[in-house]
Asks: 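I am attaching a structure below and will ask some questions about it afterwards.
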Number of protein chains: 2
Amino acid sequence: MDMPTRLEAHDCRGVSEILMRIGDKWTVLVVMMLREKPRRFNELKRHVGGISQQMLTRTLKTLERDGLVDRSVRETTPPQVEYALTPLGHSLSAPVMHLGDWAIANLGEIHLNRHRYDAATHG
Amino acid sequence: MDMPTRLEAHDCRGVSEILMRIGDKWTVLVVMMLREKPRRFNELKRHVGGISQQMLTRTLKTLERDGLVDRSVRETTPPQVEYALTPLGHSLSAPVMHLGDWAIANLGEIHLNRHRYDAATHG
DNA sequence: CAGAATCCACCAGGATACTG
DNA sequence: CAGTATCCTGGTGGATTCTG
């Protein structure tokens, strides 16, 4: 419809890899939370409702490993740990927002399609 | 940094839902394949290397359920089944391409970060 | 050709208890 | 406060066999 295909079959693997990387249950939610400003552990836990501290720890650790989130510790008592998006992390949030716009626009239709499909499933 | 945040916390759930929906191992690859033109079952199986027919069946079925892919059967012998993106499916491919561009640009750095992190993990 | 059915391994993710 | 450690379950995805 527009430009010649920029993504070749080979590149699709990279797309898929990124999608699988951020396509888990919590990663995007955490990134979105950190998009506004850096936050501390329990602050994140409160704002991302429903996440267990186990999964928050895992999510933040893999984000840090990939260089998407920076972890800074203040050795006070009690300790303060602050998480912030790196420039790389911020750059990721842009295309994710695009997908977010699409999601907001089309999620309703998708759910509708599902209901129709399930209703038509005679058995 | 730019416009006021368009995505509120509530909306992030939708984003996350879509990400989880298409963030599995094969969905995006199949959508990318169908982006060029409609294809038949084994044609897809060949082009999307490494997918089992089990997973291709599942992937196509959920795509059809969500109204992202259209399935048309020609009752010949042997039967011919063609899969094509719906307009909704095509509209999804756009933001996915944006994420694809990001992936191509930054996947190298991510892998590098991982190696660095793992190397620094003294134990 | 285009699946359906079955079996199985792995891992994401939840719950809970404990620690510096 | 910011984690770690352990246990457990459901779902994803692979391999194989069978069918119209």
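Labels below follow one simple rule: chain letters A, B, ... track the order of the sequence lines, proteins then strands, and each chain is numbered from 1. Given the structure is predicted, the values throughout are model-derived calculations rather than measurements.
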Asks: Tell me which of A:G50 and A:P78 sits closer to the 5' end of DNA chain C, going by the nucleotide each one is nearest to.
Replies: A:G50
Asks: Could you tell me the separation between the CZ atom of A:R74 and the C1' atom of D:dG3, rounded to a whole number of Å?
Replies: 19 Å
Asks: At what distance, to the nearest 0.5 angstrom, does CZ of B:R114 lie from NE2 of B:H111?
Replies: 5.5 Å
Asks: Of the residues in residues 56-71 of chain A, which ones touch DNA chain C at a heavy-atom distance under 4.0 Å?
Replies: A:R58
Asks: Minimum heavy-atom separation for B:S93 and B:R35, please, with both atom names.
Replies: OG-NE, 3.3 Å
Asks: Let's go through A:T27 and B:L19 carefully: what are the C-alpha distance in whole Å and the side-chain angles of both, what is the deciding distance for side chain to side chain contact (heavy atoms under 4.5 Å, CB included) to 0.1 Å, and is it a yes or a no?
Replies: CA-CA 10 Å; A:T27 295; B:L19 256 321; over 6 Å; no
Asks: Check the distance between D:dG11's C1' and B:K25's NZ and give it to me in whole angstrom.
Replies: 15 Å
Asks: Earliest and latest nucleotide of DNA chain C, 5' to 3', sitting under 4.0 Å from a non-hydrogen atom of chain B?
Replies: C:dC1 to C:dT6
Asks: Looking at every non-hydrogen atom in both residues, tell me the closest pair between A:N113 and B:D66 and how far apart they are.
Replies: ND2-O, 2.9 Å
Asks: How far apart are the closest heavy atoms of A:K25 and B:S16, and which atoms are they?
Replies: O-OG, 3.3 Å
Asks: Check the distance between D:dG11's P and A:D24's CG and give it to me in whole angstrom.
Replies: 17 Å
Asks: Within this structure, what is the CD-to-P distance between B:Q53 and D:dC18, rounded to whole angstrom?
Replies: 14 Å
Asks: Please report the shortest heavy-atom distance between B:I18 and A:A103, naming the atom on each side.
Replies: CG1-CB, 3.3 Å
Asks: State, to 0.1 Å, how close B:R21 and B:L68 come at their nearest heavy-atom pair, and which atoms those are.
Replies: NH2-CD1, 4.2 Å
Asks: Rounded to whole angstrom units, what separation is found between the CD atom of A:Q54 and the P atom of D:dC7?
Replies: 13 Å
Asks: Assign each of A:Y83 and A:M20 to its nearest nucleotide of DNA chain D by heavy atoms, then name whichever residue's nucleotide is nearer the 5' end.
Replies: A:Y83
Asks: Check the pair B:V96 / B:V31 against side chain to side chain contact (heavy atoms under 4.5 Å, CB included), numbers first and verdict last.
Replies: CA-CA 10 Å; B:V96 168; B:V31 169; over 6 Å; no
